[in-house]
Protein chains: 2
Amino acid sequence: MFGHIDYKNPPELCPVRDVMSVASDQWSALIILWLGYFPVLRFNKLKKFVYGISNKVLSQRLKVLEADGYIQRKAYAEVPIRVEYSLTDFGQSYVEKLLELTEWMQTNSPKVLANREKYGLI
Amino acid sequence: MFGHIDYKNPPELCPVRDVMSVASDQWSALIILWLGYFPVLRFNKLKKFVYGISNKVLSQRLKVLEADGYIQRKAYAEVPIRVEYSLTDFGQSYVEKLLELTEWMQTNSPKVLANREKYGLI
DNA sequence: TAGAGTAAGTTACAAAAAGTAACCGGTATG
DNA sequence: CATACCGGTTACTTTTTGTAACTTACTCTA
């Protein structure tokens, strides 16, 4: 894992870090998880599921996730316009990894919350 | 995974989401990964490994990660003061999960970078 | 037939988070 | 005698987010 980093002469930028920071961003992760649950979602549906996200940030994240190859966007020339978002095969393989982490979080978040509370009282 | 969310009546806040956003934050993840590699690290060493982080943000993240139970801080009353950071058992169990994700990222980041480039040219 | 609602965003502005650089007091190093 | 280390903190600037209004063209409701 750290083998590729020469930590005595740290590089200006680590590409893995860059890629990971996009994919594990809170909103990006939620978008990908919901698209893993529902194969196809339109903008406004997605916005309802990814509770609390703004149009602006949803729009930004969708563009970045599309550019990075996790999701695909299909626009239909109807009136009103219909746009469908779905995971690519690559995105599908990522969501499986992400789900493992999320499951760990679901199991362990009570411990974190308990810890947080205890820490606040001391 | 989604069973706990009633997406027709979305909750004001999802605790899992809150916990996960702290733990999967870019800087937090890097701190935890380096502490998984070196059992004990002092502030300035950590700062060198977590390349690019500022004192301010490192200090903030260490406090939050300590409060959430991932790391522990030991200060020795020497002169100059010595402070050692290390993973708790809980943090250790988390870093194992995080490493799996990181390994996936290492394997797959070339695909993402290739995709990104292709997308930029169209 | 006026009014509201839907669709997928964009835009201008405000608020929050992150980055930058200087500083602390005491000690060891050159 | 000046410099660097130790583990941070503080004031200030820049970047990122969030908020709310707006867009175009059609459909549904009263």
Side-chain angles (χ1 to χ4, degrees), chain A residues 7-8 10-14 17-31 34-35 38 40-68 71-86 119, chain B residues 8 10 12-14 17-31 34-35 38 40-68 71-86 119:
Chain A
Y7 48 81
K8 278 158 198 133
E12 280 306 314
L13 70 152
C14 166
R17 208 166 104 168
D18 175 28
V19 169
M20 185 155 168
S21 71
V22 168
S24 70
D25 162 82
Q26 185 195 177
W27 293 127
S28 300
L30 284 168
I31 291 167
W34 281 111
L35 284 174
F38 295 103
V40 174
L41 283 172
R42 298 169 65 172
F43 190 89
N44 282 308
K45 277 277 180 197
L46 206 38
K47 199 191 161 188
K48 273 167 199 147
F49 292 133
V50 182
Y51 190 68
I53 198 170
S54 65
N55 286 19
K56 192 179 99 177
V57 172
L58 178 54
S59 171
Q60 280 175 355
R61 291 296 188 285
L62 288 170
K63 279 175 191 163
V64 172
L65 291 176
E66 192 191 354
D68 278 13
I71 67 174
Q72 59 194 143
R73 178 187 189 274
K74 277 185 202 156
Y76 298 87
E78 300 173 359
V79 174
I81 191 170
R82 180 164 56 103
V83 179
E84 293 183 343
Y85 291 95
S86 56
Y119 193 89
Chain B
K8 278 158 197 134
E12 280 307 313
L13 70 152
C14 167
R17 208 165 104 168
D18 175 28
V19 169
M20 185 156 168
S21 71
V22 168
S24 69
D25 161 83
Q26 185 194 177
W27 293 127
S28 300
L30 283 168
I31 291 167
W34 282 111
L35 284 175
F38 296 102
V40 173
L41 283 172
R42 298 169 63 173
F43 190 90
N44 282 306
K45 277 277 180 198
L46 206 39
K47 198 191 161 188
K48 273 166 198 147
F49 292 133
V50 183
Y51 190 68
I53 199 170
S54 65
N55 286 19
K56 192 180 99 177
V57 173
L58 178 54
S59 171
Q60 280 176 354
R61 290 297 188 284
L62 288 170
K63 280 176 191 162
V64 172
L65 290 175
E66 193 191 354
D68 277 12
I71 67 174
Q72 59 195 143
R73 177 186 189 274
K74 278 184 201 157
Y76 299 86
E78 301 172 358
V79 174
I81 191 171
R82 180 164 56 104
V83 179
E84 293 183 344
Y85 291 95
S86 56
Y119 193 89

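A quick note: this is a predicted structure, and the numbers were derived from the prediction, not measured. So that the names make sense, note that chain A is the first sequence line, chain B the second, and so on, each numbered from 1. Hydrogens, waters and symmetry mates are skipped; everything else that's a heavy atom, side chains included, is used.
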Could you give the CZ-to-P distance, from A:R82 to C:dT6, as a whole number of Å?
18 Å

Atom CD of A:Q26 and atom P of C:dA16 are separated, to the nearest Å, by 17 Å

Any side-chain heavy-atom pair of B:R17 and A:Q26 under 4.5 Å:
yes

Using whole Å, report how far CD of A:Q60 lies from P of C:dT11.
12 Å

Side chains of B:R73 and B:L62: does their closest heavy-atom pair fall under 4.5 Å?
no

Please find the pair of heavy atoms, one from B:F49 and one from B:W34, that lie closest to each other, and give the distance.
O-NE1, 3.3 Å

Given atom NZ of B:K56 and atom P of C:dA22, what is their separation to the nearest angstrom?
16 Å

Can you name the closest pair of heavy atoms from B:S28 and B:A23 and give their distance?
CB-O, 4.2 Å

A:N44 vs C:dA8: side-chain N/O to OP1/OP2 distance below 4.0 Å
yes

Atom OH of B:Y51 to atom C1' of C:dG19: distance rounded to whole Å?
14 Å

Please report the distance, rounded to the nearest Å, between CG in A:L46 and C1' in C:dA7.
14 Å

What are the two closest non-hydrogen atoms of A:G52 and A:W27, and how far apart are they?
C-CH2, 3.7 Å

For a quick test of reading the model, state the closest non-hydrogen atom pair linking B:K47 to B:N55 and the distance between them.
NZ-OD1, 2.6 Å

What is the minimum heavy-atom distance between A:R61 and A:D25, and which atoms define it?
NE-OD2, 2.9 Å

NA contact type, B:K63, heavy-atom cut-off 4.0 Å: base, sugar-phosphate, or nothing?
sugar-phosphate

Looking across every strand, which nucleic acid part, if any, lies under 4.0 Å from A:K47 by heavy atom: base, sugar-phosphate, or nothing?
nothing

Chain A vs DNA chain D, heavy-atom contacts under 4.0 Å, first-to-last nucleotide span, 5' to 3', is D:dT17 to D:dC26

Length of the line joining A:N55:CG and C:dT6:C1', which is rounded to integer Å
13 Å

Determine whether B:Y85 and B:I71 make a side-chain contact, defined as any pair of heavy atoms from C-beta on separated by less than 4.5 Å.
yes

For B:S59, answer base if it contacts any base atom (sugar-phosphate contacts may also be present), sugar-phosphate if it contacts only those atoms, and nothing otherwise; contact means non-hydrogen atoms under 4.0 Å.
sugar-phosphate

Determine: side-chain N/O of B:W27 to OP1/OP2 of C:dA17, distance under 4.0 Å, yes or no.
no

Rounded to whole Å, how long is the line connecting atom CD of A:E78 with atom P of C:dA7?
12 Å

Measure the spacing between CG of A:L58 and CD1 of A:I53 and express it to the nearest 0.5 Å.
4.5 Å

Do B:L35 and B:L65 make a side-chain contact, defined as non-hydrogen atoms from C-beta onward lying under 4.5 Å apart?
no

Tell me the stems DNA chain D sits in, counting at least three consecutive Watson-Crick or G-U wobble pairs, each under 3.5 Å on both distances.
C:1-30 with D:1-30

Contact class for B:Y76 vs. all strands (heavy atom < 4.0 Å): base, sugar-phosphate, or nothing?
nothing

So, OP1 or OP2 of C:dA18: does either fall under 4.0 Å of a side-chain N or O from B:R61?
yes

